[in-house]
There are 2 protein chains.
Amino acid sequence: MSAPLPSERAFIPFVSVENMMRLVHHVGIETVLIELTDAIEADFRRWDLFDKTPRVASHSHDGVIELMPTSDGAVYSFKYVNGHPKNMAQGLQTVTAFGLLAEVSTGYPVLLTEMTLLTALRTAATSAMAAKHLAPANSLCLTLIGNGAQAEFQALAMKAVLGIEEVRLYDIDPRATEKTVRNLAKTGLKLVPCTSAQAAIEGADIITTCTADKQYATILTDNMVGAGVHINAIGGDCPGKTELHRDILLRSDTFVEYPPQTRIEGEIQQMDPDYPVTELWQVVSGRAKGRSSDRQITLFDSVGFAIEDFSALRYVREKLAGTDYFQKLDIIADPDDPRDLFGMLLRAA
Amino acid sequence: MSAPLPSERAFIPFVSVENMMRLVHHVGIETVLIELTDAIEADFRRWDLFDKTPRVASHSHDGVIELMPTSDGAVYSFKYVNGHPKNMAQGLQTVTAFGLLAEVSTGYPVLLTEMTLLTALRTAATSAMAAKHLAPANSLCLTLIGNGAQAEFQALAMKAVLGIEEVRLYDIDPRATEKTVRNLAKTGLKLVPCTSAQAAIEGADIITTCTADKQYATILTDNMVGAGVHINAIGGDCPGKTELHRDILLRSDTFVEYPPQTRIEGEIQQMDPDYPVTELWQVVSGRAKGRSSDRQITLFDSVGFAIEDFSALRYVREKLAGTDYFQKLDIIADPDDPRDLFGMLLRAA
């Protein structure tokens, strides 16, 4: 009646945390960051093709669990990701994630992977892509305020993609800065630990804020920010969580991923619902201007969008080909006759 | 600084298709169906506690991919499920699914499992729960129109939960009916294959329609349905896909899971937006009447709701305790210091 199922359809490749680390080292961390930046940029150029929806968030007292689906019509992706600032005190990750790719034509999954590491990589690559279009020409100095789990990825992406040479570091916890300096010691970057945010931003071309556990914090105030810099604000990413004083926003030109999501989750949640923003994909595809003068302050109000995860997932899928950096998971029921699901169960007795 | 991570937090139990079949046989298929019915009923009684949202659907030419999240405040669940009627012609399942449970307090996943089989089981259990409250007292005869992947599960759930003794079967493809008869041969049910839908519904107390691949089909017309029966319509479950003539709905009292979803996806998509329905959870919890007379036609316009998957997932989690019907998946990154994700990656080199 029906053709026998190709049995490999029943198994989907799964990339564990260990295999993701093997894959990243196999390719090289900086190469991964460069290639991910290119993959995300390629998908931003075809932004119109994608199904876009604000992520589906389940908020609770301690955090949020989100599902982030998208599709380009041929491939579907989603990511499961949580955000629980208090987790760190229990020795747990603030953010953990995993994701999936599926064929739109059949609905069959084709890849399941850890995305805690992959999200850190794609977030840094997205920052680098934005900075390519928005930061001052020949930017050499990056300031990182917040030296948590995302910090090293940000520093390396800015080095690999933009040629950043110096990284100035500040965190309210000096041990976080020490950890970051230790981890970046062999990268060739000049590392400058600082004792205040004010000191850290001296001479910066790019200022990245990536703090995790403050509600309506003011990591930067208006008087700290000089003309001409690019601000990459990635820590303000859910309702009630921001990092910048609104006066900085008023002096900046603000670029965002997907406005309906950013107006809920980003720095611009502090502003009116019609506060003017430019969509980053329009800059990337040449339809809108990025940086237009040396004195302009550009702000990438980054919250993370599903298309970036799509890009990261399809990149991993491409890189897996010909490697053994995955296991096969028996997650799809595979009866010989698709109508005979019960018979398959019976015969397993 | 932070306590070392209990390393088992990094691993989440995964139930493959093979392990799900082992678990079901370990417990017993009919016992699973009875216990699942009880689990779903218990959660319908506390319906108010749950986060409820229509599922997030990504429609394409050939089918749909859906994410179905919910939470009771302590535990979060979601299911990934596709529906691709044309898959069968390629030897693939029309519906495949997997699902996840996570702790709301940390966002950490605690269970990942296949749900193709589990969805078939929970759909049958939900039908049985509805029939307990809506079908005629002492129902003995079930008609199954549509003898595909769901048929045997429906028959066994109605037997185990309601005491159904006779099952009358019809499908436009006689081989589907033969398959169902073969699979149910040793269950003690009296099986009556029929050559028309009209013949199949003779003497039925409960009529279940579970056809898969028709758009706006009319499996039942008004003149076929006599007074007093309970109709369990489970095949009409997405926009443009229905099974019943609207005149049947006009003669029936209609019961649904979650009205905002059913009005889009169920049989009542044929009716006005304010067409009167009763929420099944209100019947289960004693706040609304189920069957009120012998002559009444009751209709459960079932489309499948996230809370039923939640119930099924928590049931599987409970049943797994003390067994080895799972593998441990390394899907959560687990650095000793949660801020040192990059250090974990470095040390893996």
Side-chain angles (χ1 to χ4, degrees), chain A residues 1-5 9 16-18 21 24-25 51 56 58 60 62-63 65 67 69 71 73 76 78 80 82 84 87-88 91-94 96 98 100 102 104-108 114 116-117 120 148-149 152-153 175-176 179 183 329-333 338-343 345-346 348-349, chain B residues 1-5 9 16-18 21 24-25 51 56 58 60 62-63 65 67 69 71 73 76 78 80 82 84 87-88 91-94 96 98 100 102 104-108 114 116-117 120 148-149 152-153 175-176 179 183 329-333 338-343 345-346 348-349:
Chain A
M1 179 180 58
S2 55
L5 250 190
R9 297 302 285 267
S16 66
V17 176
E18 177 161 5
M21 296 194 294
V24 169
H25 286 296
D51 266 353
V56 183
S58 177
S60 60
D62 296 319
I65 296 175
L67 299 175
S71 161
Y76 169 95
F78 84 86
Y80 169 101
N82 75 300
H84 285 71
N87 272 6
M88 207 184 69
L92 302 177
Q93 288 289 118
T94 300
T96 68
F98 71 90
L100 174 124
V104 168
S105 61
T106 62
Y108 270 50
E114 88 80 35
T116 306
L117 275 163
E152 298 91 339
F153 298 94
R175 289 169 299 189
K179 169 222 66 160
N183 283 335
L329 280 197
D330 165 28
I331 199 167
I332 299 289
R339 288 185 300 195
D340 200 13
L341 188 63
F342 189 85
L345 175 60
L346 268 193
Chain B
M1 181 180 58
S2 56
L5 252 190
R9 296 301 286 268
S16 66
V17 176
E18 177 160 5
M21 296 196 292
V24 169
H25 286 297
D51 266 354
V56 183
S58 177
S60 60
D62 296 319
I65 297 175
L67 300 175
S71 160
Y76 169 94
F78 85 86
Y80 169 101
N82 75 299
H84 285 70
N87 271 6
M88 207 183 70
L92 302 176
Q93 287 290 118
T94 300
T96 68
F98 71 91
L100 174 125
V104 168
S105 62
T106 63
Y108 269 51
E114 86 82 34
T116 306
L117 275 164
E152 298 91 339
F153 298 94
R175 289 169 300 189
K179 169 223 64 162
N183 283 335
L329 281 197
D330 165 29
I331 198 166
I332 299 288
R339 287 185 302 196
D340 200 13
L341 188 63
F342 189 84
L345 175 60
L346 268 192

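Only heavy atoms go into these numbers, but all of them, side chains included; no hydrogens, no water, no symmetry mates. Chain identifiers are assigned alphabetically (A, B, ...) following the order of the sequence lines, protein sequences preceding nucleic acid strands; residue numbering begins at 1 within each chain. Owing to the predicted nature of the structure, the values given are computational and were not obtained by experimental measurement.
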Exercise. Looking at A:P69, A:S105, A:A102, which makes the most heavy-atom pairs under 4.5 Å with chain B?
Worked result: A:S105

For this session: Give me the ring orientation class for A:F78 and B:F78: parallel if the planes are under 30° apart, tilted from 30 to 60°, perpendicular past 60°.
Result: perpendicular

Problem set entry | Separation of B:L67 CG from A:Y80 OH (nearest 0.5 Å) | 13.0 Å

Exercise. What pairs with B:S16 under side-chain hydrogen bond (donor to acceptor under 3.5 Å, both in side chains), at least two apart in sequence or on another chain?
Worked result: none

Seminar exercise, completed: Taking every heavy atom of B:H84 against every heavy atom of B:I65, the minimum-distance pair comes out as CE1-CG1, 4.2 Å

Problem set entry | Closest non-hydrogen atom pair between B:N183 and B:E152, with its separation | ND2-OE2, 2.8 Å

Problem set entry | Max heavy-atom pair count under 4.5 Å with chain B, selected residue of A:L100, A:L329, A:V24, A:D62 | A:L329

Problem set entry | Residue A:N87 versus chain B: region with a heavy atom under 4.5 Å | side chain

Problem set entry | Per-residue contact mode, A:S71 against chain B (heavy atom under 4.5 angstrom) | side chain

Exercise. Where on B:V104 is there a heavy atom nearer than 4.5 Å to chain A: the side chain, the backbone, both, or neither?
Worked result: both

Seminar exercise, completed: Checked A:I332, A:V56, A:T116, A:D340 vs chain B; the most non-hydrogen pairs under 4.5 Å come from A:D340

Problem set entry | Region of A:A120 in contact with chain B, defined by heavy-atom distances below 4.5 Å | side chain

Problem set entry | Side-chain touch A:H25/B:L345, heavy atoms, less than 4.5 angstrom | yes

Exercise. If we ignore angles and hydrogens, is there a donor and acceptor under 3.5 Å between the side chains of B:T96 and B:N82?
Worked result: yes

Exercise. In terms of heavy-atom proximity below 4.5 Å to chain B, should A:D51 be classed as side chain, backbone, both, or neither?
Worked result: side chain

For this session: Check each atom of B:D330 against the heavy atoms of chain A and say whether the ones under 4.5 Å are side chain, backbone, both or neither.
Result: both

Exercise. Taking atom CZ of A:F153 and atom CG of B:L341, what is their separation to the nearest 0.5 Å?
Worked result: 4.5 Å

Exercise. With a 4.5 angstrom heavy-atom cut-off, which part of B:T106 approaches chain A: side chain, backbone, both or neither?
Worked result: both

Exercise. Chain A: which of B:S60, B:A349, B:G63 shares the most heavy-atom pairs with it under 4.5 Å?
Worked result: B:A349

